[in-house]
Every structure is written in C-alpha cells, then in structure tokens.
Protein chains: 2
Amino acid sequence: MFELDLRSRAPMYEQLVEKIKELIINNVLKPDEQLPTVRVLAGELTINPNTIQKAYRELEHRGYIYSVPGKGSFVRPAVPGNNAARLRILEKELSIIVTEMRYLGAPPQEIITRIKTQLFKDEGGNVDD
Amino acid sequence: MFELDLRSRAPMYEQLVEKIKELIINNVLKPDEQLPTVRVLAGELTINPNTIQKAYRELEHRGYIYSVPGKGSFVRPAVPGNNAARLRILEKELSIIVTEMRYLGAPPQEIITRIKTQLFKDEGGNVDD
DNA sequence: CTAACTGTACTAATATAAATAGTACAGTTA
DNA sequence: TAACTGTACTATTTATATTAGTACAGTTAG
C-alpha cells in the first residue's frame, strides 16, 4: 500500500510523516480511512514498529490522524478553521520560498500563474490574470 | 552583527545556513560583502569554528557565497539563469505548501493576494487581481 | 470467554549524526 | 615578519535516531 524511499539521509520517521501527510492532503487517503497498522507497516517497510509509532504520534499531534487504542489509526477529516497557527507557519514558509524564487530570477508572473493552476486545478476556477 | 537563535532542536549548522541564506536573499548582506570570519563568528555565537565552517561550506556548495583562502568568505552576486535546478526544487516545495494551505481551508484568493504582495513589494508592481 | 488483533508505554542497547577540541598548513596583507 | 584568512584533518564527546524486546489495556470476531 505504501511506497516510501527510505534511502535518504533524513530521519525515517520524519520522511514517513511527510509522505503520509502528503497522501492525506492529496486525498489519496480518504477521511476516516484506516491507516496500516503500526506492526503491519513496520513489516512492509522492514523497519522497527517503534519508528512507525513515532511517526504516527507526530501525525496525531499535528492533527492529521487520530488513533483509537484497540482499533487503529485513521485519517482525521479536515476542518476549516482551527488551523490558524499552522496556516501562519505555512504563510511564512511560502514567503521565504517566493522571496528566494524572485532572488533567483524567476519571473513573478510565472510564479503567480503556477500557483493559480495549483490552487484551482479541481475547483473549476479561472486561471486568467 | 548576527543574531541567531541556537536554542532550537535543529542542527546548528543547518540553522546557520538558513539564516544566512535569508540575510543574503533579503539583501541585508549585499553582493560581494564579506561575511564574518569563521573564527570571529564562532566566538560571537560561542560555538565551535568547525560548525561555522560546515555551514559556510554548505552555503558555498549551494552557490550563495564564495570563499577565498587567506581573504575571507563573501556573498555571491545572484545571476539569473543557472538556477533551474534550485528553482525546480522550490516550485515543488511551493506546490506542497499551497496544497496544504488549501487543504486547511485557506481562501485561494487570499493566498494569491499574499503572494502578489510579497512578489511585487519593492518593484512598483500592481497587486490587483 | 478466548484468541488475535489494535495502540501505547516503557527500558535497554546499538547505530548514526552533530558538535567540540586541537592541530596544522598554505594563501593574504599590512 | 606577524597576524590574519580558509581549509583539512584526527580524535573525542554529546545528542539523536533506530532497533530490540517486553508489557498492558481496549477491541473484535469466533
């Protein structure tokens, strides 16, 4: 079910957090869908269950999943609002990235167009400037 | 000259790289301006010179500074073009962040406006939609 | 109820990475 | 020459990540 590249130099649990978060955000993992068991995923990836649990604990702390002892771990449905803190962080990161892109000579108009395409891609929106 | 928060849990040399990169991008450190000496900065931050050197080595590898043995380390003037690889990475990061912001319920129009403000802030551009 | 699953919480040991300490050398400059 | 500069090492210590193993309570199907 999961294919993760664990060959990188970044900590595995951190890679797991990012990968799973990405799957949730991109709706590959649907709301309330059950995630692989700690032990099952550990078996599939041939790593220690504790490492998986560490990733799941982090994902739960960040609000992306919820775990029920005895049942399993599930995708937490996103609730607009209550995300002000996280959004503030993302806005800051966005600002840093955009600043660097401009510094590197990326055409501002192109950046805007790219983001608009990303934002309205399955929303029927207009990408015109 | 530098004020860095080294209380975080991220590696110090990594924080240094990000902080200095930010100062360069935001034009706080001007092109060809000399950076603090490895030993001087180590003294100011009360950390080991080797840690500073590791950060400088990384910054040089990423193209943000250049070092001349016997003279010092300096800010490398940005050259538009030749940044395709780095820009591709940034575009991917941008995409991930924007996707998460939308997932968290941020109004797309607000995201666009914020980016435009960032892009055209000292360029005399128009921020209208 | 039992058996087999679930998440969770530990301790201990090992492996990997980061940071420090110290020394050395060649290029630069006043 | 003297005092700087970056760079390149080795060795040591410290911090973090990962593994290994065990245990316990909640859940669920038979």
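For the numbers below, each heavy atom of this structure counts, side chains included, while hydrogens, waters and symmetry mates do not.
Following rounding to the nearest Å, B/Leu16 (CG) and C/dA18 (P) show an atom-to-atom distance of 14 Å. Residue B/Asn50 contributes atom CG, which lies 13 Å from atom P of D/dT10 at whole-angstrom precision. Rounded to whole Å, atom C1' of D/dT5 lies 14 Å from atom CD of B/Glu60. Between the OH atom of B/Tyr56 and the C1' atom of D/dT5 there is a distance of 12 Å, given to the nearest Å. Nucleotide D/dT22 holds its C1' atom 11 Å from the CZ atom of A/Arg39, rounded to whole Å. Nucleotide C/dT8 holds its C1' atom 16 Å from the CG atom of A/Leu35, rounded to whole Å.
For DNA chain D, the neighbouring residues in residues 70-78 of chain B, judged by any heavy atom under 4.0 Å, are B/Gly70, B/Lys71, B/Gly72, B/Ser73.
Residue A/Tyr13 places at least one side-chain N or O under 4.0 Å from the OP1 or OP2 atom of D/dA17. Contact annotation: B/Thr51 reaches the phosphate of C/dT20 (side-chain N/O to OP1 or OP2, under 4.0 Å). In this model, the phosphate group of D/dC4 is not approached by any side-chain N or O of B/Thr37 to a distance below 4.0 Å at OP1 or OP2.
For A/Thr99 and B/Gln118, the side-chain atoms include at least one donor-acceptor pair closer than 3.5 Å.
For DNA chain C, the stems formed by at least three consecutive Watson-Crick or G-U pairs, with both atom-pair distances below 3.5 Å, span C:1-30 with D:1-30.
Two residues, B/Asn48 and B/Pro69, neighbour DNA chain C, and the one matched to the more 5' nucleotide by heavy-atom proximity is B/Asn48.
Screening residues 23-32 of chain B for side chain to side chain donor-acceptor pair (under 3.5 Å), with sequence neighbours left out, gives B/Asp32-B/Tyr66.
At a threshold of 4.0 angstrom between heavy atoms, the contacts of A/Glu14 with the nucleic acid are absent.
Annotation for B/Ala55 and B/Leu16: closest pair CB-CB, 3.8 Å, computed over non-hydrogen atoms.
Not a single donor-acceptor pair, N or O on each side, falls under 3.5 Å between the base of D/dG6 and the side chain of B/Arg57.
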